[in-house]
Novice: 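Have a look at this one.
Counting begins at 1 with the first residue of the sequence. Atoms within each ligand, like the ligands themselves, are counted from 1 in listed order.
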Amino acid sequence: MCDDAAPLLPVRAIGLAAIAGALVFTAGAAPKAHVPLLGAAVNLSFLESGDARYADTLRSVYRSLTPEIEMKMDKVQPERGRFDFAPADRIVAFARANGMRVRGHTLIWGKQLPAWLEQGSWTAAELKQILVAHIQTEVAHFRGSVRQWDVVNEPIADDGSGRLEPNLWYRVIGPGYIALALRAAHRANPAAKLFINEFNTDRNGVKVEALLRLVKRLKAQRVPLNVIGFQAHVRLDWYPSTQELTKIMRRFTRLGLRVEVTELDVPLGSSSTPLDELLAAQARVYAQIGSACRQVTACDGITTWGFTDASTWLGTDQRPLPFAADYTPKPAFFALLKAAGVRSTVPQP
Ligand code: XIL
């Protein structure tokens with residue numbers, strides 16, 4: 001188990017933490033321990049809503065941002081060959097102004113595709129060209145500001161088959177679309193860390209095995225791939241223990257990859273259990289996952305999919321995130337920070 005003492009950090013990291021304001025890291029005795037970067041997905045309309053609590057919490061607590069929708073293909077390339085980066089640029093500007101990292105999400109996925117793409121009928125050659133041009137243009141646009149990309153999102157089928165998801169790219173191009181995408185992203189920015197990002201691989205099962213097979217195939221073909229993203233959309237009755245997640249992550253890090261938790265949230269569900277008990281149970285889930293990332297040295301970050309229950313894809317009533325809808329920190333927030341080894345000056349109520 002991880003101890004309470006925060007680890008020794010390089011001076012540069014302490015300096016960055018000081019800039020972040022509300023987070024304070026202190027030196028401790030364990031030079032090998034590491035502190036994952038804390039991140040959140042950002043809802044641009046909330047960021048620009050004029051409610052200062054949204055931006056203030058984000059900039060004082062988080063060090064990494066993921067645009068929730070603005071970098072997806074339907075937003076970025078609404079018509080073939082016409083790219084619109086303006087909304088994503090505004091998130092990147094906010095991140096830069098506050099010294100935060102940006103995770104690019106996502107280049108190639110079977111969902112949130114533009115209508116022109118979904119409704120067209122394409123040959124394999126045409127779709128390969130579209131895939132490469134999209135990646136080339138988006139990665140190049142953000143070359144100076146986005147150094148990690150979810151190149152392929154959710155490639156594994158979620159039906160228990162252990163096959164690749166039969167999305168548009170797979171149906172038309174075949175399984176080679178994944179290597180094609182990773183190679184195109186690498187060419188467009190050789191310095192970027194390239195991710196495969198997946199859900200329901202946070203617990204043992206056929207999907208983990210399928211993802212491992214995919215990664216081994218890609219490695220054998222010398223395809224550039226650096227990181228596996230564990231989305232961690234978990235539930236109170238479906239989540240990994242620290243031990244389970246640690247073991248899964250290490251199966252990937254042993255292949256030379258790094259890992260991150262990329263979209264963590266824990267909805268409360270629909271039980272009649274009293275709210276304070278549900279919030280305590282939720283905090284325990286956050287702690288299990290935070291500890292796993294803390295313990296796996298190659299786990300570089302923990303990003304929640306949003307940060308306030310006021311803005312979540314699961315619905316505010318599910319209260320899945322570390323801050324309540326009124327921006328007060330919940331038990332989950334303190335549990336996550338403690339487990340991940342991050343000290344916060346946000347006062348505990
Ligand atoms: C979700 C967003 O949160 C929603 O606002 C949007 O309508 C649909 O997509 N896995 C992913 C994310 O990789 O991109 C998804 O985000 C949530 C599931």
Novice: Are R258 and D300 within salt-bridge range, i.e. N to O under 4.0 Å?
Specialist: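 So R258 pairs with D300 through a salt bridge.
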Novice: NZ of K207: more than 12 outside heavy atoms within 6.0 angstrom?
Specialist: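 Yes, the 6.0 Å shell around NZ holds more than 12 heavy atoms from other groups.
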Novice: For ligand 1, find each of its N or O atoms that sits under 3.5 Å from a protein N or O atom, and tabulate the pairs with distances to one decimal place.
Specialist:
unit_1, atom_1, unit_2, atom_2, d
ligand 1, 3 (O), E68, OE2, 2.4
ligand 1, 3 (O), W305, NE1, 2.9
ligand 1, 5 (O), E68, OE2, 3.2
ligand 1, 9 (O), K72, NZ, 3.1
ligand 1, 9 (O), Q112, OE1, 3.0
ligand 1, 10 (N), E154, OE2, 3.2
ligand 1, 10 (N), Q231, OE1, 3.4
ligand 1, 10 (N), E263, OE1, 3.0
ligand 1, 13 (O), H105, NE2, 3.4
ligand 1, 13 (O), N153, ND2, 2.9
ligand 1, 13 (O), Q231, NE2, 3.4
ligand 1, 13 (O), E263, OE1, 3.3
ligand 1, 13 (O), E263, OE2, 2.8
ligand 1, 14 (O), K72, NZ, 2.7
ligand 1, 14 (O), H105, NE2, 2.6
ligand 1, 16 (O), K72, NZ, 3.3
ligand 1, 16 (O), W305, NE1, 3.2

Novice: Do any pairs count as a ring pair (Phe, Tyr, Trp, His ring centres under 6.0 Å) and have a residue in residues 258-301, sequence neighbours left out, and if so which ones?
Specialist: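 Counting only pairs at least two positions apart or across chains, no ring pair (Phe, Tyr, Trp, His ring centres under 6.0 Å) contact touches residues 258-301.
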Novice: Can you run down the ring pair (Phe, Tyr, Trp, His ring centres under 6.0 Å) pairs that involve residues 180-203, sequence neighbours left out, and say none if there aren't any?
Specialist: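 Of all non-adjacent pairs touching residues 180-203, none passes ring pair (Phe, Tyr, Trp, His ring centres under 6.0 Å).
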Novice: Any donor and acceptor pair, going by atom type alone, linking the side chain of R163 with main-chain N or O of G160 inside 3.5 Å?
Specialist: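 Between the backbone of G160 and the side chain of R163 there is no qualifying donor-acceptor contact (under 3.5 Å).
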Novice: Listing request: all ring pair (Phe, Tyr, Trp, His ring centres under 6.0 Å) pairs with a residue in residues 249-278, at least two apart in sequence or in separate chains.
Specialist: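 Output for this query lists F230-F252.
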